[in-house]
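Keep in mind it's a predicted model, so treat the numbers as computed, not measured.
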Amino acid sequence: MLSEPRSGRLAAWGNALLAGFVSPDDAVIAIVGEDAVHRVEGLPDEAAPVGLTLALGRLRTLGMRGLRVALPAPGHPLGLSGPPDFNKRALEAEEAVVCHGAGYGLVPEVYEAGPDGDVHVEVVWHCLPVREAPPADVPSLGEAERELAEALRDATAVLSRLDLAGSGPVAEAAIDAYRARAERGREVLAPGYPPRAVRVLELAQRVGLLVSLAEENGPGGAVSSAEMAARAEALRPVERTGRRALVAAYNSVVEERESR
């Protein structure tokens, strides 16, 4: 995953707001990012969608103590705890936020309009009941960091074997874009996150970059369908490790707070 998931921004800056590190206005500006507007639909006692500031305040009064990220994929309900309706919506969106302590979760639905180069993006977060239970398959920061070191070695080996490590201008442009994002995204996890979480996030993003290069830059050294299938099979556990690490980084402040 090369771009920062919207669920990651919402969880990171929502947690900073809950801890008193940022104001509601600053949190919402960071969460919305380059989108036009974010609204929340389905909040208790609200008949229509409401803005993020009101939604976060309402969820806090309902008992929300922290925000966790889920990044599920088919066969891998990463970060989810049920019920099935919420899991299904989250799997369709490939991401969600679980409001720890409140019994609700948020799943984004993205609407885009306008011509190329001038796309207007609106996001509606659907508020749904969730089961208060440990999230599925989320490692600790220490586990994630150890797994990432091995995943980086595996991804680099696959890229090299398939002649994809330096696969022309497309790959070079992707690497340059990654480095630029890394430089300006040093505080992407928002105030209050430990340095180790930032380090794990950056390593996970690098793993995502390498996997995307292997998937998107043509067949490379894999000249047959069987070899392309083998490449996908080799990269699947690497991609899963990267997603697990992303979730561990975003969720780390909640896990740390709850362990005290």
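- Residues in residues 46-71 take part in these salt bridge (charged side-chain N to carboxylate O under 4.0 Å, His left out) pairs, two or more places apart or across chains: E46-R58, R65-E258, R68-E255.
- Side-chain contact annotation: H76 with R244, donor-acceptor N/O pair under 3.5 Å absent.
- N251 CG to S140 OG: the interatomic distance, rounded to the nearest 0.5 Å, is 12.0 Å.
- Under the 4.5 Å side-chain heavy-atom criterion for grouping Ile, Leu, Val, Met, Phe, Trp and Tyr, L106 is connected to V50 within one hydrophobic cluster.
- When every heavy atom of L67 is checked against every heavy atom of V97, the shortest pair comes out as CD2-CG1, 3.6 Å.
- Side-chain heavy atoms closer than 4.5 Å link hydrophobic residues (I, L, V, M, F, W, Y) into clusters, and following such links, possibly through other members, connects V121 to L52.
- Residues satisfying the side chain to side chain donor-acceptor pair (under 3.5 Å) criterion with E122, sequence neighbours excluded, are H120.
- Between the OG1 atom of T61 and the CG atom of L59 there is a distance of 7.5 Å, given to the nearest 0.5 Å.
- Connection of L54 to Y104 is established within a shared hydrophobic cluster, with ILVMFWY side chains joined at heavy-atom distances below 4.5 Å, either directly or through further cluster members.
- By the criterion of side-chain heavy atoms lying less than 4.5 angstrom apart, applied directly or through intervening Ile, Leu, Val, Met, Phe, Trp or Tyr residues, V130 is not grouped with V124; the two fall into different hydrophobic clusters.
- You'll find the side chain of H100 stays beyond 4.5 Å of the side chain of V98, heavy atoms only.
- The hydrophobic cluster containing V110 also contains L10, counting ILVMFWY residues as joined when their side-chain heavy atoms lie under 4.5 angstrom apart, directly or transitively.
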Stepwise, does the side-chain contact (heavy atoms from CB on, under 4.5 Å) test hold for Y250 with L189? CA-CA 7 Å; Y250 285 120; L189 277 177; 3.4 Å; yes

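- Side-chain contact of Y193 with N15: a donor-acceptor pair under 3.5 Å is present, judged by distance alone.
- L141 and A248 get closest at one heavy-atom pair: CD2-O, 3.8 Å.
- Considering SG of C99 and CG of L128, their distance stands at 10.5 Å, rounded to 0.5 Å.
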Evaluate the criterion side-chain contact (heavy atoms from CB on, under 4.5 Å) for residue pair V37 and V123; output intermediate values, then yes/no. CA-CA 6 Å; V37 66; V123 179; over 6 Å; no

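- Across all their heavy atoms, A27 and V22 have their closest contact at CB-CG2, 3.9 Å.
- Looking at every heavy atom in both residues, V40 comes nearest to C127 through CG1-CB, 4.2 Å.
- The distance from the OG1 atom of T241 to the CG atom of L246 is 11.0 Å, given to the nearest 0.5 Å.
- Note on R9 versus D35: salt bridge recorded, some NZ/NE/NH1/NH2 to OD/OE distance being below 4.0 Å.
- Annotation for L148 and G242: closest pair CD2-CA, 4.2 Å, computed over non-hydrogen atoms.
- At least one side-chain heavy atom of L71 sits under 4.5 Å from a side-chain heavy atom of P5.
- Rounded to the nearest 0.5 angstrom, R6 CZ and W125 CH2 are separated by 8.0 Å.
- Ionic pairing of E150 and R146 is not present here: no N-O contact between side-chain nitrogen and carboxylate oxygen is shorter than 4.0 angstrom.
- Within the 3.5 Å criterion, the main-chain N or O of H126 finds no donor-acceptor partner in the side chain of E41.
- Two residues are said to be in side-chain contact when any heavy atoms from C-beta on lie closer than 4.5 Å; L91 and P77 fail this criterion.
- With contacts defined as side-chain heavy-atom distances shorter than 4.5 Å, the pair S252/P194 qualifies.
- With sequence neighbours excluded, the residues that form a side chain to side chain contact (heavy atoms under 4.5 Å, CB included) with A133 are S81, R131.
- Without hydrogens or angle criteria, N87 side chain to G82 main chain gives a donor-acceptor distance under 3.5 Å.
- Across all their heavy atoms, P129 and P83 have their closest contact at O-CD, 3.4 Å.
- Between V107 and F86, some side-chain heavy-atom pair lies under the 4.5 Å cut-off.
- Annotation: the span from L56 atom CG to L43 atom CG amounts to 9.0 Å, rounded to 0.5 Å.
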